[in-house]
Structure formats: structure tokens, C-alpha cells
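One structure below.
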Amino acid sequence: MRQGFLLTTCAWTIIPAFAALPLFFSDLDISYTDAYFESLSGMSTTGSTVLAGLDSMDPVLLMWRAVLQWIGGIGIIVTAIAVLPILRVGGMQLFQTESSEQSEKMLPRASQVARTVSLVYLSLTIACAICYTLAGMSVFDALAHAMTTIPTAGYSTSDGSMGAFSAGAQWAGTVFMISGALPFVLYIRACGGHFREFF
């Protein structure tokens, strides 16, 4: 159990330390502390930022920030499912059948759970990006915002955040933020046995 806690703590402190390097070595002219803050905020899906001038920032850096939040979002889910049960603090309770007293897992193997959750996460991200594009966002903005909407994180490609885009995009963001906040087991149940057949 000690090793599990140590592994989780190290992962959430060391990985952002390396993820901060592209921001630190870029032309943003920020300190490593600010780069680390931005990286940790992204990976923890907190959404706080120390950066300004996003509208004129290098698109590669904007996409890097979106990727950090997208990976952080799935990382939190995987931590809840895979690591917390090892630490005996839950995790798989999300996948228990509510009406069952036997505490059975909906998907018996951890690999099936991880693949199914990843498929749901990816599917929601693609659907969100499509809706943003239909609402008038550029493909780049739609993809970057979809990658920060599903993990309910909030990084944007504009200083005006979602206020810089159409009302349709804002409504799409609202719907997909709620969708990303719902337990993924609801999506698995809604699809019935199709996920099991797929895997």
C-alpha cells in the first residue's frame, strides 16, 4: 500500500515536471515555476493558467496545453479504476451494479475496463470536436477545446475563453462538460452488450 501511495504521488509530481519543459523552453519567456504550474494545472484538469495572449500564441503550445488536460482527464479516471482499489480506497465501485448485492464488476477484467473507458472518452472527444466545428469553430479550435471540455478542464485557445465563440459553441461546451462529468458506466450501460462484443 505504501508503494501505491508513493507511485501515485510521484506520478502526479514528476510527470508534470517533464511536461513543463516545452513551455519553459518556448518563446513564452516564463519561469520554470510558471511552466510547472501550467503543466500541473493541465494534468490535474484544474484549468488555472498563468498565461496571457493566447490568441497570438504558437498553436503548437496551445495544442500541448490541450493534450496535457486530455491526458490528465483520462489519467484521473484510470487512477480511480486501477490504482485506488489496490490502495483499498474504492475505484471499482463506480462499475458495480447498483441493484446487485454481489458487488460484481460490469466488465470483469481490468484491461476490458481500461479499453472501454478509453473508447468512451475518445468517442466523446470526437463527438465534441464535431459539434464545435458545426457551431463555427475552426478545426484547430474545435479539437483543442474538445480535448479540454471532456475532462471538464477548461483551457482555451483564446483569452476570451468560450466567450470568444458563438452561442452554439457555448451550448455544445455545456452539454459535453456535463457528459464528461457523468460516470462512464452510464454510457456502457446505454450501449448494452455492444462494448463486450467489441472487446
Side-chain angles (χ1 to χ4, degrees), residues 1-92 94 110 113-115 117-122 124-126 128-129 140-162 173 176-177 179-184:
M1 187 178 292
R2 251 187 257 172
Q3 292 172 348
F5 276 113
L6 181 63
L7 174 66
T8 304
T9 303
C10 287
W12 286 104
T13 54
I14 294 172
I15 293 173
F18 285 98
L21 294 177
L23 297 170
F24 177 64
F25 289 118
S26 70
D27 58 358
L28 293 176
D29 193 28
I30 59 175
S31 67
Y32 182 77
T33 303
D34 286 345
Y36 184 82
F37 177 88
E38 192 77 12
S39 173
L40 184 58
S41 175
M43 294 203 74
S44 64
T45 67
T46 305
S48 297
T49 184
V50 295
L51 301 179
L54 300 175
D55 297 279
S56 58
M57 192 176 290
D58 187 342
V60 172
L61 295 175
L62 294 173
M63 187 55 71
W64 179 244
R65 293 170 75 239
V67 167
L68 288 177
Q69 288 200 325
W70 195 74
I71 291 173
I74 193 71
I76 288 172
I77 295 168
V78 169
T79 300
I81 293 169
V83 177
L84 294 182
I86 295 169
L87 303 178
R88 301 182 193 282
V89 287
M92 284 308 299
L94 297 172
V113 172
R115 281 184 289 188
V117 166
S118 298
L119 181 64
V120 170
Y121 195 73
L122 181 62
L124 284 173
T125 304
I126 292 169
C128 182
F140 174 80
D141 285 334
L143 182 59
H145 280 86
M147 293 174 81
T148 63
T149 299
I150 299 305
T152 65
Y155 276 172
S156 181
T157 59
S158 171
D159 286 331
S161 193
M162 289 301 288
F176 280 99
M177 285 279 265
S179 300
L182 292 174
F184 283 10

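Worth saying up front: this structure is predicted, and the values here are computed from it rather than measured.
- In terms of heavy-atom proximity, G47 sits nearest to S41 at N-OG, 3.3 Å.
- The line from CE of M57 to CG of L51 is 4.5 Å long, rounded to the nearest 0.5 Å.
- Put simply, the side chain of D55 never gets that close to the backbone of S158: no donor and acceptor are under 3.5 Å apart.
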query: Are T46 and S48 close enough, and set up right, to give a side chain to side chain donor-acceptor pair (under 3.5 Å), and what steps lead you there?
result: CA-CA 6 Å; T46 305; S48 297; over 6 Å; no
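- Judged by distance alone, the side chain of T45 and the main-chain N or O of A153 form no donor-acceptor pair under 3.5 Å.
- What you find for S39 and A19 is that their closest heavy atoms are OG-CB, 3.2 Å.
- No donor-acceptor pair closer than 3.5 Å links the side chain of W70 to the backbone N or O of I150.
- Among pairs with a residue in residues 20-43, those fulfilling ring-ring contact (aromatic ring centres under 6.0 Å, His included) read F24-Y32, at least two apart in sequence or across chains.
- R65 has its side chain out of reach of T148: every pair of non-hydrogen atoms, C-beta onward, lies at least 4.5 Å apart.
- Between the CE atom of M147 and the CG atom of L68 there is a distance of 9.0 Å, given to the nearest 0.5 Å.
- Across all non-hydrogen atoms, the minimal contact from P151 to A146 is CD-O, 4.3 Å.
- Side-chain atoms of E38 come within 3.5 Å of backbone atoms of V50 as a donor-acceptor pair (strictly under, hydrogens ignored).
- Note that the CG atom of L23 and the CH2 atom of W64 stand 8.0 Å from one another [nearest 0.5 Å].
- Between the OG1 atom of T157 and the CG atom of L61 there is a distance of 13.0 Å, given to the nearest 0.5 Å.
- Residue I30 comes nearest to D34 through the heavy atom pair CB-CB, 4.1 Å, listed as atom of the first residue, atom of the second, then distance.
- When atom types are taken as modelled, the side chain of T125 and the backbone of Y121 share a donor-acceptor pair closer than 3.5 angstrom.
- The distance from atom OG1 of T149 to atom CE of M162, rounded to the nearest 0.5 Å, is 6.0 Å.
- Between A142 and A129, the shortest heavy-atom distance links the atoms CB-O, 3.5 Å.
- Between S44 and L40, the shortest heavy-atom contact is OG-O, 2.7 Å.
- Between atom CG of residue L62 and atom CZ of residue F140 there is a gap of 5.0 Å, rounded to the nearest 0.5 Å.
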